[in-house]
Amino acid sequence: MARALVLLAAYIIDRIVGDPRWLTHPVVYMGRVIVWLENYIRRLFPREEQLKQAGVLFPVVLVGGSFLLIWMLLELLRLVHPWLAWAVEAWLISTTIATKGLAEAGMGIYRLLKEDKIKEARKALAMVVGRDTHSLNEREISRGAVETVAENIVDAILSPLFYAAIGGAPLAMAYRAANTLDSMVGYKNEKYYNLGWASARFDDIANYIPARLAALTLILVSWVLRLNWRKCAVVILRDARLHPSLNSGFTEAGVAGALGIQLGGTNYYQSVPSHRAKMGDPERPIAPEDIKETVAIMHWTAFFFLLACLGSILFVALLYSI
């Protein structure tokens, strides 16, 4: 029961408070540790052929260290008072979830487009994507925003909830460490191909089950919102595997099918074109309203997934009590 209440409180905290700017986010500290560890590993293993084995140190040190640090902190707080430990745990879990932040980013771009502030919308999109945005039109800005919100449903919301339900704040924070590692060193470029492979693979494994549960939840949400739930299921089965990520394609394909739009296509990174497989069918052009719809899908998907997590926790507790 305590685990369920802590998880519910964490979700509510994130929905109401989000990530206050005056409070340093734990991911910032993780980023500093990653930079320090990368510099240390490169000094210790100067030859490129050594980096493949050394790359394993990233998930071992950061993921394992995050779990152990949070577990020790909560155990010490429980010695003071259990309620203090529960309160801190709820806050820590809330920092691993980004429902409010993701919604604000998407709706901010939506409002700018509705006000015909294209230049401002390009800048706002550039804050949440890596692609070039300086020459995008309204349709491409809308596509970028929809893809960003849809892609992050798993790693910014559902995966943290999933791991918090299983192992509380220590496991949720360990997942956030894995995800942060992937975003910083998990690239298949010359600099990180060897050093970051373990981090990228670990993140793929961590998101594997939540991404597929997300697909099922998206189909349910599409039915509840009276969207095209059948097309959502069809496009997930047909196109999710086309995404370059092992897991992100499930939510992007699901959103594309539910809304009757096509995501993917050509993006530019530092003026270099990158072609991503298209998902969904272009039944109509993408419009700013699709950003609003995607944010609504994200909120409902998070809510239903939370209910599933809470139900699972209580069911396991009931089994133990029998």
* Asked: Of all heavy-atom pairs between A124 and I109, which one has the smallest distance, and what is that distance?
  -> CB-CG1, 3.8 Å
* Is R241 atom CZ crowded by more than 12 heavy atoms from other residues, nucleotides or ligands, each under 6.0 Å away? -> no
* **Min side-chain heavy-atom separation L220-W229 under 4.5 Å** => no
* Under the side-chain contact (heavy atoms from CB on, under 4.5 Å) rule, what do K231 and E283 come out as? Steps first, then yes or no, please. => CA-CA 11 Å; K231 192 62 174 293; E283 299 174 13; 2.6 Å; yes
* **Geometric class of the Y175/Y163 ring pair [parallel <30°, tilted 30-60°, perpendicular >60°]** => parallel
* Structure fact -> Closest non-hydrogen contact found for V255 with A150 is CG2-CB, 3.8 Å
* **pair I157-M298: side-chain heavy atoms closer than 4.5 Å** => yes
* Asked: Is R78 salt-bridged to E89, going by a charged N under 4.0 Å from an acidic O?
  -> yes
* Asked: Closest heavy-atom contact between A145 and I291?
  -> CB-CD1, 3.6 Å
* Asked: Does NZ or CZ of R42 lie under 6.0 Å from the centre of the six-membered ring of F45, at an angle within 45° of the ring axis?
  -> no
* **Step-by-step side-chain hydrogen bond (donor to acceptor under 3.5 Å, both in side chains) determination, N267 to S274** => CA-CA 5 Å; N267 300 323; S274 175; over 6 Å; no
* Structure fact -> Tightest non-hydrogen contact, residues G280 and A256, listed as CA-CB, 4.1 Å
* Starting from the C-alpha separation in whole Å, work towards a yes-or-no answer on side-chain contact (heavy atoms from CB on, under 4.5 Å) for L213 and I209. => CA-CA 6 Å; L213 294 176; I209 294 176; 3.9 Å; yes
* To do: Look at atom OH of Y269 and say whether more than 12 heavy atoms of other residues, nucleotides or ligands are closer to it than 6.0 Å.
  => yes
* Asked: If we only count heavy atoms from C-beta on, is the E38 to K191 side-chain gap below 4.5 Å?
  -> yes
* Asked: Going by the salt bridge (charged side-chain N to carboxylate O under 4.0 Å, His left out) test, which pairs reach into residues 248-274, not counting sequence neighbours?
  -> E252-R276
* Report whether M107 and I16 are members of the same hydrophobic cluster (ILVMFWY, side-chain heavy atoms less than 4.5 Å apart, transitive linking). => yes
* Donor-acceptor pair, R143 side chain versus G264 backbone, under 3.5 Å? -> yes
* To do: Decide if atom CZ of F304 counts as having more than 12 heavy atoms of other residues, nucleotides or ligands within a radius under 6.0 Å.
  => yes
* Asked: Between D203 and N179, is a side-chain hydrogen bond (donor to acceptor under 3.5 Å, both in side chains) present by the stated rule, with each step listed?
  -> CA-CA 6 Å; D203 183 72; N179 189 247; 3.2 Å; yes
* To do: Taking the side chain as every heavy atom from C-beta outward, state whether P26 and R176 have any atom pair closer than 4.5 Å.
  => no
* Just checking, any donor-acceptor pair under 3.5 angstrom between side chains of H275 and T266? -> yes
* Mind listing the closest non-hydrogen atom pair of A90 and A9 along with its distance? => CB-CB, 4.0 Å
* Asked: Are L310 and W300 joined in one hydrophobic group, where the rule is that I, L, V, M, F, W and Y side chains link up if heavy atoms are under 4.5 Å apart?
  -> yes
* Asked: Is it true that E120 and K123 make a salt bridge, defined as a side-chain N closer than 4.0 Å to a carboxylate O?
  -> no
* **Ion pair D132/R122, N-O distance below 4.0 Å** => no
* Do E293 and Y110 get their side chains close enough for a donor-acceptor pair, meaning under 3.5 Å? -> no
* Pairing residues for R230 by the salt bridge (charged side-chain N to carboxylate O under 4.0 Å, His left out) criterion, not counting sequence neighbours -> none
* To do: Report the C-alpha separation of I153 and H299 in whole Å, then their side-chain angles, then the decisive distance to 0.1 Å, and conclude whether the side-chain contact (heavy atoms from CB on, under 4.5 Å) test is met.
  => CA-CA 9 Å; I153 289 174; H299 278 310; over 6 Å; no
* Answer whether the closest heavy-atom distance between the side chains of W197 and V56 falls below 4.5 Å. => yes
* To do: Decide if atom CG of L84 counts as having more than 12 heavy atoms of other residues, nucleotides or ligands within a radius under 6.0 Å.
  => yes
* Does I41 share a hydrophobic cluster with V33, counting links as ILVMFWY side-chain heavy atoms below 4.5 Å and allowing steps through other members? -> yes
* Asked: Would you find more than 12 non-hydrogen atoms of other residues, nucleotides or ligands less than 6.0 Å from F303 atom CZ?
  -> no
* To do: Return yes if some donor-acceptor pair links the side-chain N/O of S248 with the main-chain N/O of S245 below 3.5 Å, else return no.
  => no
* Side chain of R201, backbone of G186: donor and acceptor closer than 3.5 Å? -> no
* So does D290 pair up with R139, basic N to acidic O under 4.0 Å? -> no
* Cluster question for you: counting only ILVMFWY and a side-chain heavy-atom cut-off of under 4.5 Å, with indirect links fine, are I34 and Y29 together? -> no
* For the residue pair V35 and M184, establish whether any side-chain heavy-atom pair is separated by less than 4.5 Å. => yes
* Linking I/L/V/M/F/W/Y whenever their side-chain heavy atoms sit closer than 4.5 Å, directly or via other members, would V316 and L7 fall into one cluster? -> no
* **Residue pair D155, N152: steps toward the side-chain contact (heavy atoms from CB on, under 4.5 Å) verdict** => CA-CA 5 Å; D155 58 5; N152 282 285; 3.2 Å; yes
* Charged N-O contact under 4.0 Å between R131 and E147 -> yes
* Answer with yes or no whether the side chains of S199 and D182 bring together a donor and an acceptor at under 3.5 Å. => no
* Kindly assign one of parallel, tilted or perpendicular to the pair Y40 and W36, based on the angle between their ring planes and the thresholds 30° and 60°. => parallel
* Closest non-hydrogen atom pair between R212 and L246, with its separation -> NH2-O, 3.5 Å
* Please test D239 against K278 for salt bridge (charged side-chain N to carboxylate O under 4.0 Å, His left out), starting from the C-alpha separation and ending with a verdict. => CA-CA 8 Å; D239 296 345; K278 295 181 179 180; over 6 Å; no
